[in-house]
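A quick write-up on the structure given underneath.
Values below: every heavy atom of this structure, side chains too, minus hydrogens, waters and symmetry copies. Each chain gets a letter, A, B and so on, in the order the sequences are listed, and its residues count up from 1.
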Number of protein chains: 2
Amino acid sequence: MSEFARPTLDDVARAAGVSTATVSRCLNSPNQVIPATRQRVMEAVQSLGYTPDFGGRALASRRTNTVGAIIPTMENAIFARGLQSFQEALTKAGKTLLVASSGYDPAREREQMEALISRGADGLLLIGSARPEASIEYLRRRGVPYIGAWNLGGPDGYFVGFDNAAAAAKLTEMVIAKGHQRIAMIGGISDMNDRAAARILGVRQTIAAAGIGDGSLRVIEAPYAFQNGADAFGALMETSPRPTVVMCGNDVLAVGALQKAREMGLRVPQDVSITGFDDIDISAVVDPGLTTVRVPHRRMGEAAAEMLLRLINKETVERQVEIPTAIIERGTLGPPPAA
Amino acid sequence: MSEFARPTLDDVARAAGVSTATVSRCLNSPNQVIPATRQRVMEAVQSLGYTPDFGGRALASRRTNTVGAIIPTMENAIFARGLQSFQEALTKAGKTLLVASSGYDPAREREQMEALISRGADGLLLIGSARPEASIEYLRRRGVPYIGAWNLGGPDGYFVGFDNAAAAAKLTEMVIAKGHQRIAMIGGISDMNDRAAARILGVRQTIAAAGIGDGSLRVIEAPYAFQNGADAFGALMETSPRPTVVMCGNDVLAVGALQKAREMGLRVPQDVSITGFDDIDISAVVDPGLTTVRVPHRRMGEAAAEMLLRLINKETVERQVEIPTAIIERGTLGPPPAA
DNA sequence: TTGTACGCGTTATCAA
DNA sequence: TTGATAACGCGTACAA
């Protein structure tokens, strides 16, 4: 009650009648201390409510057991899920995870990098590979291990993720096999978001290769939100000739599109087909269920933790770990209408 | 390339040909330094890629500009959304947010408290008010300002949140007004989750007060997941006499219940009514739309940031800030079947 | 097994 | 306006 200052090692030492070194040892390598002493020290720790000061500890020991993650936004369930398992794996290894979000802004991402590194992060998890060279140079110069996740990257750097383009291509092949000739797409904003860009690319290339229609693809890009999916779908349905299938870069967009179709009195998949990407929870719940690409986020989080930990420990690490995806067929993809 | 160690203040000072004190001043109070010197120093900072060490800085200045938040899980969108705005408000005030999750485990929450405090957190955001007295005592002794969010709390402590019980009661009154006599509920796990408990309580008390049925309420508690909502709904529909309405403690459970109803060939709301709580995105997308309680998470995050900041600055603060909720009527609540 | 004493990188005080 | 230098809290050789 009367004590309002944080207790220090010194306070504990005095209370227990030992030296600060002994208290420190009790906390860090207890078996070097005789049980009687240890108990006395631990009692003092308890009664004072002592918690070691992170700053002092980091300063003296030169390590922090902290890793940082910078994600675009906490509001996207797919990051939340992957991060959760990332954190669980880290916790098992005795590390603490610090999370920051960039709001899809490279400048802000850079700020967060500095904040995390100045807090002593031993390693960093970043999303994707699209970022200014200066940010990467900064990381490199500082010698901070980092990995990109949620997709695969270029020739250098370490990545654990999905081949977004290949998965989109495979789904597109299935769409074409159903007989669709007029394909349109609603994608995420591809600028500085390589996942969104790769998904669009996969669809586009497959269509071009198959020589469907004129080989081009109509794409509307929009931030991930139900309403944007609905609006874009409405716009696409205005065009003539109407697409027979709308492929979406993300399930959120797809569900919005699906809702809009219902509002417009269009039956899915009889009048128009819709596909998604990610397989979020909601995709199994809508009616009809969404045909989409399943992306195992939890496994990716675990794999990312393992890779980053190995990098931090300077063990050998594969440069790329690919997490396989799978197409989940539910009800929103069918053959094109006969018309 | 050849430099792999983190540059220190000393390195910068040497490179710029000044003392460490001057470098420190350049970074913290630039106008105390003559422009010519400042520029020379800043160039050295740039070219070395210097970032101040957080530990050293915290040690010397005795403040961290860091606040911590401990949430049950990152996978619940309602926390993610509130946290996002909490963080935005904090960032404006020059603070950095560190997020940790407890997995609904009080012991783990306590560990995270220590981790955050040892990292110098100036204040803590916690969810709800249900936690062991020892955890609270620990916080109090350390003199760390903290607030509970997402609900309101007891006589002491600071809270910003919703009156979960009152909102549930109001919704129940509406249900009763529609003519329902047989009400059942699917709630979250109420143990150590005061939000879930309060929602159940609000429903139960209203039913008892109205003398509906025998005044008791059948409740199944389950973790928030679609499948659990579906399973619990199935179990409830087995009972006889069947409830005419199933009130859910959360929209996730409600959507699961809705899906199960469809599977069972039950029309909503003609055969059975369903209500939710939270108004997550999906609730407007399902068919029919979910009648639920809207909880403005973003506003809560902002209000929480303001309150915590004031507490940290030792300004005067109201003990409780209540964020109003509203009932959103969509399609899942109707009158009971005539039968 | 325990204690002494130094150094980690920074800020802040006091002189110059 | 700038420079020495003493804290800050902790870990760890080294000595006892």
May I have the distance from Asp53(B) (atom CG) to dT11(C) (atom C1'), rounded to whole angstrom?
-> 13 Å
Integer-rounded Å distance: dT11(C) C1' and Leu9(B) CG | 9 Å
Can you name the closest pair of heavy atoms from Ile70(A) and Glu109(A) and give their distance?
-> CD1-O, 3.8 Å
Rounded to the Å, how far apart are Ile117(A) CD1 and dG9(C) P?
-> 16 Å
OP1 or OP2 of dT4(C) sitting under 4.0 Å from any side-chain N/O of Ser19(A)?
-> no
Closest to the 5' end of DNA chain D, once Thr8(A) and Arg25(A) are matched to their nearest nucleotides, is Thr8(A)
Euclidean distance, atom CZ of residue Arg57(B) to atom P of dT11(C) [Å, nearest integer] = 5 Å
Please confirm whether the backbone N or O of Thr20(A) pairs with a side-chain atom of Ser24(A), one donor and one acceptor, at under 3.5 Å?
-> no
Note: chain B reaches DNA chain D at heavy-atom distances under 4.0 Å over the stretch, first to last nt, 5' to 3', of dT1(D) to dG9(D)
Presence of Thr22(A) side-chain N/O under 4.0 Å of dT2(C) phosphate oxygens OP1/OP2 = no
Measure the distance from CG on Leu27(B) to P on dT10(C) and round it to the nearest whole Å.
-> 9 Å
Have Thr64(A) and Arg119(B) got a donor and an acceptor in their side chains that come within less than 3.5 Å?
-> no
For Leu116(B) and Ala100(B), which heavy atoms make the closest approach, and how far apart are they?
-> CD2-CB, 4.4 Å
Could you state the interatomic distance from OG1 (Thr66(A)) to CG (Leu97(A)), rounded to the nearest 0.5 Å?
-> 9.0 Å
Taken to the nearest whole Å, CD/Gln32(A) to C1'/dT2(C) is 11 Å
Cation over ring face, Arg319(B) and Phe159(B), 6.0 Å, 45° | no
Using atom CZ of Phe54(B) as one end and atom C1' of dT11(C) as the other, report the distance to the nearest whole Å.
-> 14 Å
Atom-to-atom span, CG of Leu59(A) to P of dC8(C) - whole angstrom = 9 Å
Gln112(A) side chain to Ser101(A) backbone, donor-acceptor under 3.5 Å | yes
